[in-house]
S.K.: 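The structure is given below, and queries will be raised subsequently.
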Amino acid sequence: MKKISIEEVRKIQLDMLQFIDNFCREHEIEYSLIGGSLLGSIRHGGFIPWDDDIDVMLRRDEYDRFIKLLNDSESKMGHLKLWHYSTRPTYHLFSKMYDDRTTVGKNTDYIWEGTGIFIDIFPYDALPASEEKRIKFMDDINKKAKILSYTSAPAYFSGSKWYYSLARIFLNFPQFIKFHGRNQELTKKFDKDSQKYFDDKSATQMGFLCSRYLKKEHFPRTIFDEYEDVSFEGMSVRKIRDHETYLRGVYGDYMKLPAEKDRQIHELYVWYWKNE
């Protein structure tokens, strides 16, 4: 198989982003670049130079409608596929769109085995205004999300290094026995649990419950009400209008470049064309 260059990876991701943008505009669904992608659009006009992925978010009500409409439009997606618990087992409480012409190189990270080059799609759920309640709620959802990796093999012993995987074969086996075969049931339940506060008007915060930003991942719910266009690598895509509140909450002085030693390069995967 032919290895895919970083330039090709980005081109494939941009094509997927264009599909998502066209689809959302057609169905009047609002979405936003988020995380490093939102930061990149504001600070660099596109990808952060040392970054290699694209992340988008949708408010929970828009996210559920987006997923349903995509599933209904599967025949029109061509080589693009949706990875969501409704389409195949998944081990996180978010979704991916991926290019089925591509595949990941062999490693010991089995959580996303079978995927291709992807874009992450995050549901944003309501959070309690109380810090104590919010942290307790997020901790509860994160513990539940961890259970999902125990529902099948080889996912339950996935690891970034071979020796991590070897250790997890033994350490996680009791959990695998308890939860294996229950992926669809548990993912559906935990997804519903994540929506606990969505109709609660006193829940004035919002965020992705399993975010790597942890306690920083809570923002005024109102900033996810208004959106506008932004340029990303020459494309016109969508973002929350009040990007300032989000970016300062996550990154602080976000326009200042981090020291070189702090520039996080993802590069978790090596990608290949399936038929070359």
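All values below were derived from every heavy atom in this structure, side-chain atoms included, with hydrogens, water molecules and symmetry-related copies excluded. The residues of the chain are indexed from 1 along the displayed sequence.
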S.K.: Looking only at side-chain N and O atoms, does Tyr91 offer a donor or acceptor that is under 3.5 Å from a partner on Tyr156?
M.R.: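 Result is no, nothing qualifies.
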S.K.: At what distance, to the nearest 0.5 angstrom, does NE2 of His218 lie from CZ of Arg134?
M.R.: 4.0 Å
S.K.: In the structure I gave you, are the side-chain heavy atoms of Asp225 and Glu30 within less than 4.5 Å of one another anywhere?
M.R.: no
S.K.: Heavy-atom distance under 4.5 Å between the side chains of Phe219 and Leu127, does that happen here?
M.R.: no
S.K.: Could you go step by step and tell me if Phe23 and Leu69 meet the side chain to side chain contact (heavy atoms under 4.5 Å, CB included) rule?
M.R.: CA-CA 9 Å; Phe23 188 88; Leu69 286 169; 3.6 Å; yes
S.K.: Whether the side chain of Arg168 engages the backbone of Ser158 through a donor-acceptor N/O pair (distance < 3.5 Å, no angle test) should be reported.
M.R.: yes
S.K.: Membership question, hydrophobic clusters at under 4.5 Å side-chain separation (ILVMFWY): are Met97 and Trp273 in the same one?
M.R.: yes
S.K.: Between Thr87 and Leu82 (side chain of the first, backbone of the second, donor and acceptor by atom type, cut-off under 3.5 Å), is there such a pair?
M.R.: yes
S.K.: Please report the shortest heavy-atom distance between Gly35 and Leu247, naming the atom on each side.
M.R.: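 Closest pair (atom of Gly35, atom of Leu247, distance): O-CD2, 4.5 Å.
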S.K.: Any idea which heavy atoms bring Ala203 and Ala126 closest together, and the distance?
M.R.: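 Taking Ala203 first and Ala126 second, the nearest heavy atoms are CB-CB, 4.2 Å.
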S.K.: Yes or no on side chain to side chain contact (heavy atoms under 4.5 Å, CB included) for Leu148 and Tyr85, after CA distance, side-chain angles and deciding distance?
M.R.: CA-CA 11 Å; Leu148 298 178; Tyr85 75 83; over 6 Å; no
S.K.: For Leu33 and Leu17, run side chain to side chain contact (heavy atoms under 4.5 Å, CB included): C-alpha distance rounded to whole Å, both residues' side-chain angles, the deciding distance at 0.1 Å, then the answer.
M.R.: CA-CA 10 Å; Leu33 297 175; Leu17 180 58; 4.2 Å; yes
S.K.: Against Asp99, only a single residue in Asp15, Ile12, Thr115 fulfils side chain to side chain contact (heavy atoms under 4.5 Å, CB included); can you say which?
M.R.: Ile12
S.K.: Step by step, work out the side chain to side chain contact (heavy atoms under 4.5 Å, CB included) result for Asp100 and Lys274.
M.R.: CA-CA 8 Å; Asp100 195 38; Lys274 280 184 175 179; 3.0 Å; yes
S.K.: Is a side-chain donor-acceptor pair under 3.5 Å present for Glu26 with Asn22?
M.R.: no
S.K.: For the CG atom of Leu38 and the CD1 atom of Ile54, what is their distance to the nearest 0.5 Å?
M.R.: 12.5 Å
S.K.: Can you tell me if Ser73 uses its side chain to pair, donor with acceptor, with the backbone of Lys76 under 3.5 Å?
M.R.: no
S.K.: So do the side chains of Asp242 and Thr222 get within less than 4.5 Å of each other, counting heavy atoms only?
M.R.: no
S.K.: Report yes if the side chains of Pro258 and Trp50 come closer than 4.5 Å at any heavy-atom pair, otherwise no.
M.R.: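 Yes, close enough: below the 4.5 Å cut-off.
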S.K.: Any Lys/Arg nitrogen of Asp191 or Arg60 sitting under 4.0 Å from an Asp/Glu carboxylate oxygen of the other?
M.R.: yes
S.K.: What distance do Asp125 atom CG and Asp61 atom CG have between them, rounded to the nearest 0.5 Å?
M.R.: 10.0 Å
S.K.: Do Val56 and Val237 have side chains that approach each other closer than 4.5 Å (heavy atoms only, starting at C-beta)?
M.R.: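 In short, these two side chains do not touch, never coming nearer than 4.5 Å.
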S.K.: For residues Ile42 and Met255, report the shortest heavy-atom separation together with the two atoms involved.
M.R.: CG2-SD, 4.1 Å
S.K.: Just by distance, do the side chain of Trp83 and the backbone of Pro89 share a donor-acceptor pair under 3.5 Å?
M.R.: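 Yes, because the side chain of Trp83 sits within donor-acceptor range (under 3.5 Å) of the backbone of Pro89.
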S.K.: Are Asp72 and Lys68 close enough for a salt bridge, meaning some N to O gap below 4.0 Å?
M.R.: yes
S.K.: Heavy atoms, side chains only, cut-off 4.5 Å: are Arg238 and Asp21 in contact?
M.R.: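 Touching, per the 4.5 Å side-chain cut-off.
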S.K.: Mind listing the side-chain donor-acceptor pairs of residues 174-181 below 3.5 Å, one per line with the distance, residues two or more places apart or on another chain?
M.R.:
from	atom 1	to	atom 2	distance (Å)
His180	ND1	Phe176	O	3.1
His180	ND1	Ile177	O	3.1

S.K.: Where do Tyr254 and Arg43 come nearest, in terms of heavy atoms and distance?
M.R.: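 Smallest interatomic distance, heavy atoms only, reads O-NH1, 2.8 Å.
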S.K.: Locate the shortest heavy-atom distance separating Gln13 from Ile119; write the atom from each residue and the value.
M.R.: O-CD1, 3.4 Å
S.K.: Answer whether the closest heavy-atom distance between the side chains of Leu93 and Pro123 falls below 4.5 Å.
M.R.: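 The answer is no, as the side chains (C-beta and beyond) never meet within the 4.5 Å cut-off.
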S.K.: For residues 122-144, which residue pairs pass the ring-ring contact (aromatic ring centres under 6.0 Å, His included) check, not counting sequence neighbours?
M.R.: Phe94-Phe122, Phe122-Phe208, Tyr124-Phe224, Phe137-Tyr197
S.K.: Just by modelled atom types, is the Ala155 backbone N or O under 3.5 Å from a matching donor or acceptor in the Ser149 side chain?
M.R.: no
S.K.: Check whether any side-chain heavy atom of Leu80 lies under 4.5 Å from a side-chain heavy atom of Tyr98, and answer yes or no.
M.R.: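 Sidechains of Tyr98 and Leu80: no contact.
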S.K.: Looking at Phe47 versus Phe232, is the centre-to-centre ring distance below 6.0 Å?
M.R.: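 Yes, close enough.
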S.K.: Would you find a donor on one side and an acceptor on the other, under 3.5 Å apart, between the side chain of Ser37 and the backbone of Asp55?
M.R.: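 Judged by distance alone, yes, a pair lies under 3.5 Å.
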S.K.: Ion pair present between Arg221 and Asp200, side-chain N to carboxylate O less than 4.0 angstrom?
M.R.: no
S.K.: Please determine if Lys144 and Asp140 form a salt bridge, counting it only when a charged side-chain N lies under 4.0 Å from a carboxylate O.
M.R.: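 Yes, Lys144 and Asp140 are salt-bridged.
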S.K.: Just by distance, no angles: are the side chains of Ser152 and Asn183 close enough, under 3.5 Å, to form a donor-acceptor pair?
M.R.: no
S.K.: Are Leu171 and Tyr150 connected in a single hydrophobic cluster, I mean Ile/Leu/Val/Met/Phe/Trp/Tyr linked by side-chain heavy atoms less than 4.5 Å apart?
M.R.: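 Not linked; separate clusters.
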S.K.: Only one of Arg182, Lys188, Lys189 passes side chain to side chain donor-acceptor pair (under 3.5 Å) with Glu185; say which it is.
M.R.: Arg182
S.K.: Under a 4.0 Å threshold between the charged nitrogen and the carboxylate oxygen, would Arg65 count as salt-bridged to Glu62?
M.R.: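 Yes, charged N to carboxylate O under 4.0 Å.
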S.K.: Give the minimum heavy-atom separation between Met1 and Thr103, together with the two atoms involved.
M.R.: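 Looks like SD-CG2, 3.7 Å.
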S.K.: May I ask you to say whether Lys239 pairs ionically with Glu228, meaning some side-chain N is under 4.0 Å from a carboxylate O?
M.R.: yes
S.K.: Would you say Glu74 has more than 12 foreign heavy atoms packed within less than 6.0 Å of its CD?
M.R.: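 Counting neighbours around CD of Glu74, 12 or fewer heavy atoms of other residues, nucleotides or ligands fall under 6.0 Å, so no.
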S.K.: Once rounded to the nearest 0.5 Å, what's the spacing between atom CD of Glu226 and atom OG of Ser32?
M.R.: 12.5 Å
S.K.: Roughly how far, to the nearest 0.5 Å, is the CG atom of Leu70 from the CE atom of Met77?
M.R.: 5.0 Å
S.K.: Taking atom CE of Met206 and atom CZ of Phe198, what is their separation to the nearest 0.5 Å?
M.R.: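 It is 4.5 Å, given to the nearest 0.5 Å.
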S.K.: Quick one: does any side-chain atom of Ser211 pair with a main-chain N or O of Tyr213 as donor and acceptor, under 3.5 Å?
M.R.: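 Such a contact is found between Ser211 side chain and Tyr213 backbone.
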